[in-house]
Amino acid sequence: MVIAIDGPAGAGKSTVARMAAETLGFTYLDSGAMYRCVALTCLEWGADPEQSGEATSTAESIEISFEDEEVLVDGVPVTDEIRSAEVSEAASRVAVHPGVRAAMVTEQRRLIEAGDYIAEGRDIGTVVSPESPLKVFLTASAEVRARRRAEQTGGDPREILISQMERDKRDSEREHGALMAADDAIEVDTSELSLDQVVTKVAELARERGIA
Ligand code: CDP
């Protein structure tokens with residue numbers, strides 16, 4: 001069973017999904033980390049993230065796994081490397097290619113098949129798990145999202161705002177797996193809410209629906 005949490009960059013998906021998973025006893029799946037792994041590998045192998053063929057064969061050649069708090073590519077931990085600004089940018093570019101998306105969606109479905117998951121990303125409620133009984137679409141104003149990410153990473157809020165807006169645009173405009181709320185998603189604007197309030201809201205929704 002899957003609870004889907006989708007939304008744009010910096011809306012708080014990762015932290016909310018991680019904390020709600022802990023509260024409800026579900027397993028957390030960070031789908032964005034998988035696109036980041038493809039991007040990192042492209043950069044390491046000299047494959048062009050813009051080239052559909054190169055990015056797709058990279059995505060199809062690697063094995064991505066999650067172990068405790070670590071993300072691994074072919075058994076090697078890449079947890080910190082995949083968070084760099086360079087990888088964020090490249091992840092948003094590889095995520096446009098249908099072949100890359102197909103490889104990731106297949107793998108995500110395989111993972112979530114076994115057990116109760118809170119999966120977060122852009123297309124969980126629309127593509128990966130459209131049958132999910134609870135879909136939450138987290139939003140916040142662009143400024144709030146950039147400020148939160150700057151607090152997390154120590155980067156410059158204005159630079160982060162610009163790169164997030166570029167990524168959001170690419171995510172929203174792509175043909176496959178575009179960033180959008182599923183018709184039956186519950187939209188939660190987190191601009192004025194604390195992390196605890198959002199986690200409580202997700203847990204309440206899950207309980208109301210008899211999922212947890
Ligand atoms: O947290 P942040 O938005 O910075 O990034 P992320 O969730 O780790 O995702 C990195 C990139 O992967 C995003 O910019 C999206 O382009 C892509 N992505 C996607 O296309 N589909 C998903 N389900 C998750 C991420």
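When a residue number appears, it is its place in the shown sequence, counting from 1. Counting starts at 1 for both ligands and their atoms, in listed order.
- Counting heavy atoms closer than 4.0 Å to ligand 1, residue R149 contributes side-chain atoms (C-beta onward) but none from N, CA, C or O.
- Remark: ligand 1 and S88 share no N or O pair separated by less than 3.5 Å (distance only, no angle test).
- Counting heavy atoms closer than 4.0 Å to ligand 1, residue R170 contributes nothing at all.
- For the residue pair S88 / R36, a side-chain donor-acceptor distance below 3.5 Å is found, with atom types taken as modelled.
- One side chain, S191 or D189, offers a donor N or O that lies under 3.5 Å from an acceptor on the other.
- Near A95, meaning under 4.0 Å from any of its heavy atoms, are these atoms of ligand 1: 16 (O), 17 (C), 20 (O).
- Residue contacts with ligand 1, taken as heavy atom pairs separated by less than 4.0 Å, involve R36 solely via side-chain atoms from C-beta onward.
- The nearest heavy-atom contact from the protein to atom 11 (C) of ligand 1 is A91 CB, 3.9 Å.
- Judged by distance alone, the side chain of T79 and the main-chain N or O of V71 form a donor-acceptor pair under 3.5 Å.
- For atom 9 (O) of ligand 1, the nearest non-hydrogen atom from the set G177, G32, A33 belongs to G32.
- In this structure, the protein non-hydrogen atom closest to atom 21 (N) of ligand 1 is R101 NH2, 3.0 Å.
- Donor-acceptor pairing under 3.5 Å is recorded for the side chains of S14 and E120.
- Between D30 and ligand 1, no N or O atom pair is found at a separation short of 3.5 Å.
- One finds no salt bridge joining R147 and E143 here, because no Lys/Arg side-chain nitrogen approaches an Asp/Glu carboxylate oxygen to under 4.0 Å.
- Checked for salt-bridge contact, D80 and R83 miss the test: no charged N lies under 4.0 Å from a carboxylate O.
- For the residue pair T190 and R148, a side-chain donor N or O sits within less than 3.5 Å of a side-chain acceptor on the partner.
- Close approach of ligand 1 to D171 (heavy-atom distance below 4.0 Å) involves ligand atoms 13 (C), 14 (O), 15 (C), 16 (O).
- The proximity of R122 to ligand 1, defined as any non-hydrogen pair under 4.0 Å, involves the side chain as well as the backbone.
- In terms of protein heavy-atom proximity, atom 14 (O) of ligand 1 is nearest to R167 NH1, 2.9 Å.
- Taking a cut-off of under 4.0 Å to the non-hydrogen atoms of S92, the atoms of ligand 1 that pass are 14 (O), 16 (O).
- Looking at R110 and E107, a side-chain N of the basic residue comes within less than 4.0 Å of a carboxylate O on the acidic one, giving a salt bridge.
- The pair R18-D30 does not meet the salt-bridge criterion, since no charged nitrogen lies less than 4.0 angstrom from a carboxylate oxygen.
- Looking only at atom types and distance, the side chain of Y28 has no donor-acceptor partner in the side chain of E22 under 3.5 Å away.
- Side-chain atoms of R149 and Q152 form a donor-acceptor pair, as typed in the model, at a separation below 3.5 Å.
- Heavy atoms of R174 come nearer than 4.0 angstrom to ligand 1 in at least one pair.
- Regarding atom 24 (C) of ligand 1, its nearest protein heavy-atom neighbour is S31 OG, 3.4 Å.
- Within the listing of ligand 1, atoms 23 (N), 24 (C) sit less than 4.0 angstrom from a heavy atom of G121.
- At a 4.0 Å cut-off, not a single heavy atom of Q108 sits close enough to ligand 1 to count as contact.
- Among protein heavy atoms, the minimum distance from atom 18 (N) of ligand 1 is reached at Y35 CD1, 3.7 Å.
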